[in-house]
Participant: 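For reference, the structure I am asking about is given below.
Side chains are part of it too, since the values below use all heavy atoms of this structure and drop only hydrogens, waters and symmetry mates.
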Amino acid sequence: MYEGYWGLREKPFRKTPDPRYLFLNDTYEEALERLLFAVEETELAILTGEVGSGKTLLTRALLDRLGDRYEVAMILNPRLSPRQFLRVTAKELGVAEPRFHANDLLEQIHERLLELDSQGRAALLIVDEAHLIPGKPTFEEIRLLTNFQMDDRNLVAIVLVGQPELRERLRHRAYRALKQRIGVSFDIVPLAAGDTRDYLAHRLAVAGGARPVFTEDAVARLHAASGGVPRVLNQLATQALIEGMARGAAIVDGAVAEAVASESDFVGTRG
């Protein structure tokens, strides 16, 4: 559609979490390095950020960095009872026939982790949208998974990914036993104004762009309208490219960005 008009191979602001598009400013680079450390040290890690901050993209980039040594269990919808959570975890880790009772499932998971360890492999459990975990009993099962250890190492790394409510929840005294197991914690903050300019340029370059598309005025307006939230910025930038094409513009200037921002349903509804 608009890609050809702007000299691009593909859409630069798509919603899919393509690791090629990960913009490694200081915040995201530190987040990725901390996650890598947590996995390599088989720690429990917490990654939080507002809606649309790029948490899922970071986990995809993490998986790309890890290679085939890791058996990865990914839980995308954690609205599960404790037993359901363990059954899904067991299946994701490669247990052929997960049993029914929680204690049996924990035993199967432990056996599978020992099997992986004997093969020189490691296990990683990523729980996306972890703020949606329905209650303390499921968090308790996560804590029990961190008990699976050898004398000198843990048998499974766990990354809990969620909105800031997850962090608030874990501050409660009821979760102190789990909180004490957290080895790495990181909270993603919105892009600064300078980062927004570089973020847009990075995504355009990955999509095949060879020239600037957004003026400084346009960048400033898109940043103000998005609050530095990548998902909202992507949506506004896409609309700006379409609007610029419709106007026959050679570049997206402040007027185009202002028109898009003033009409957008996303402005004022972030988070």
Side-chain angles (χ1 to χ4, degrees), residues 1-32 47-61 64 128-129 161-164 186-271:
M1 186 181 172
Y2 60 82
E3 304 97 291
Y5 181 86
W6 296 107
L8 305 171
R9 286 191 312 271
E10 60 191 44
K11 294 180 174 65
F13 303 108
R14 295 176 297 179
K15 297 177 182 179
T16 52
D18 186 340
R20 294 179 303 143
Y21 283 94
L22 178 62
F23 172 61
L24 287 176
N25 67 348
D26 290 345
T27 295
Y28 288 89
E29 185 170 13
E30 182 180 355
L32 185 57
L47 176 68
T48 55
E50 288 289 352
V51 175
S53 60
K55 301 182 294 296
T56 300
L57 181 54
L58 268 172
T59 60
R60 296 298 188 275
D64 272 7
D128 204 359
E129 305 289 350
V161 182
Q163 294 174 25
F186 194 85
D187 186 55
I188 301 171
V189 297
L191 297 169
D195 287 330
T196 294
R197 179 186 61 249
D198 295 340
Y199 174 90
L200 294 171
H202 168 73
R203 294 190 74 107
L204 287 167
V206 172
R211 65 178 180 87
V213 171
F214 298 94
T215 67
E216 289 296 324
D217 284 347
V219 171
R221 187 64 189 99
L222 293 175
H223 174 77
S226 67
V229 177
R231 184 184 297 163
V232 180
L233 183 58
N234 289 345
Q235 293 163 332
L236 291 172
T238 295
Q239 293 303 313
L241 292 177
I242 294 171
E243 178 69 17
M245 180 182 69
R247 295 186 182 198
I251 197 166
V252 174
D253 60 15
V256 172
E258 176 64 32
V260 168
S262 63
E263 295 175 3
S264 174
D265 292 334
F266 307 114
V267 178
T269 60
R270 299 183 300 273

Participant: Heavy-atom distance under 4.5 Å between the side chains of Asn234 and Tyr199, does that happen here?
Facilitator: yes
Participant: For the residue pair Asp128 and Thr56, establish whether any side-chain heavy-atom pair is separated by less than 4.5 Å.
Facilitator: yes
Participant: Do you see a donor-acceptor pair shorter than 3.5 Å between the side chains of Asp195 and Tyr28?
Facilitator: no
Participant: How long is the straight-line distance from CG of Asp217 back to CG of Leu222, given to the nearest 0.5 Å?
Facilitator: 11.0 Å
Participant: Show the nearest heavy-atom pair for residues Pro230 and Leu191, with the distance to one decimal.
Facilitator: CG-CD1, 4.2 Å
Participant: Please check: side-chain N/O of Trp6 versus main-chain N/O of Leu241, any donor-acceptor pairing under 3.5 Å?
Facilitator: yes
Participant: Is any side-chain heavy atom of Thr59 closer than 4.5 Å to a side-chain heavy atom of Leu57?
Facilitator: no
Participant: Which heavy-atom pair separates Gly244 from Tyr5 by the least distance, and what is that distance?
Facilitator: O-OH, 4.1 Å
Participant: What is the distance from atom OG of Ser53 to atom CD1 of Ile188, rounded to the nearest 0.5 Å?
Facilitator: 4.0 Å
Participant: Indicate yes or no for a side-chain donor-acceptor contact from Lys55 to the backbone of Gly49 under 3.5 Å, with no hydrogens or angles considered.
Facilitator: yes
Participant: Given Gln163 and Glu129, is the side chain to side chain contact (heavy atoms under 4.5 Å, CB included) satisfied, shown in steps?
Facilitator: CA-CA 7 Å; Gln163 294 174 25; Glu129 305 289 350; 4.1 Å; yes
Participant: Checking Asn25 against Asp198 for the side chain to side chain contact (heavy atoms under 4.5 Å, CB included) test, could you report, in this order, the C-alpha distance in whole Å, the side-chain angles of both residues, the deciding distance, and whether it holds?
Facilitator: CA-CA 9 Å; Asn25 67 348; Asp198 295 340; over 6 Å; no
Participant: Taking NZ, NE, NH1 and NH2 as the nitrogens, is one of them in Lys11 or Glu3 under 4.0 Å from a carboxylate oxygen of the other?
Facilitator: yes
Participant: Run the numbers on Arg197 and His223 for side chain to side chain contact (heavy atoms under 4.5 Å, CB included), then give the verdict.
Facilitator: CA-CA 8 Å; Arg197 179 186 61 249; His223 174 77; over 6 Å; no
Participant: May I have the step-by-step check of side chain to side chain donor-acceptor pair (under 3.5 Å) for Asp253 and Thr215, ending in yes or no?
Facilitator: CA-CA 5 Å; Asp253 60 15; Thr215 67; 6.0 Å; no
Participant: Treating Arg203 as the side-chain partner and Pro12 as the backbone partner, does any N or O pair qualify as donor plus acceptor under 3.5 Å?
Facilitator: yes
Participant: Restricting to non-hydrogen atoms, name the atom on Leu22 and the atom on Ala61 that form the minimum distance, rounded to 0.1 Å.
Facilitator: CD2-CB, 3.5 Å
Participant: Which heavy atom in Ala225 sits nearest to a heavy atom in Leu236, and how many Å separate them?
Facilitator: CB-CD1, 3.7 Å
Participant: Salt bridge or not between Glu10 and Arg20? Use side-chain N to carboxylate O under 4.0 Å.
Facilitator: yes
Participant: Roughly how far, to the nearest 0.5 Å, is CZ of Phe13 from CG of Leu233?
Facilitator: 7.0 Å
Participant: Parallel, tilted or perpendicular: which describes the rings of Phe23 and His202, with under 30° parallel and over 60° perpendicular?
Facilitator: tilted
Participant: Calculate, to the nearest 0.5 Å, the distance between atoms CZ and OG1 belonging to Phe186 and Thr48 respectively.
Facilitator: 9.0 Å
Participant: Mind checking the CZ-OH spacing from Arg14 to Tyr21? Nearest 0.5 Å is all I need.
Facilitator: 5.0 Å
Participant: Is any side-chain heavy atom of Lys15 less than 4.5 Å from a side-chain heavy atom of Gln235?
Facilitator: yes
Participant: If you take all heavy atoms of Gly208 and Arg9, which pair is closest and at what distance?
Facilitator: CA-NH1, 3.3 Å
Participant: What are the two closest heavy atoms between Arg247 and Ala259, and how far apart are they?
Facilitator: NH2-CB, 3.3 Å
Participant: Does some side-chain heavy atom of Pro190 sit less than 4.5 Å from a side-chain heavy atom of Glu50?
Facilitator: no
Participant: In Å and rounded to the nearest 0.5 Å, what is the CD to OG1 distance from Glu243 to Thr238?
Facilitator: 13.0 Å
Participant: Test your reading of the model: is there a side-chain donor-acceptor pair from Thr16 to the backbone of Asp18, 3.5 Å cut-off?
Facilitator: no
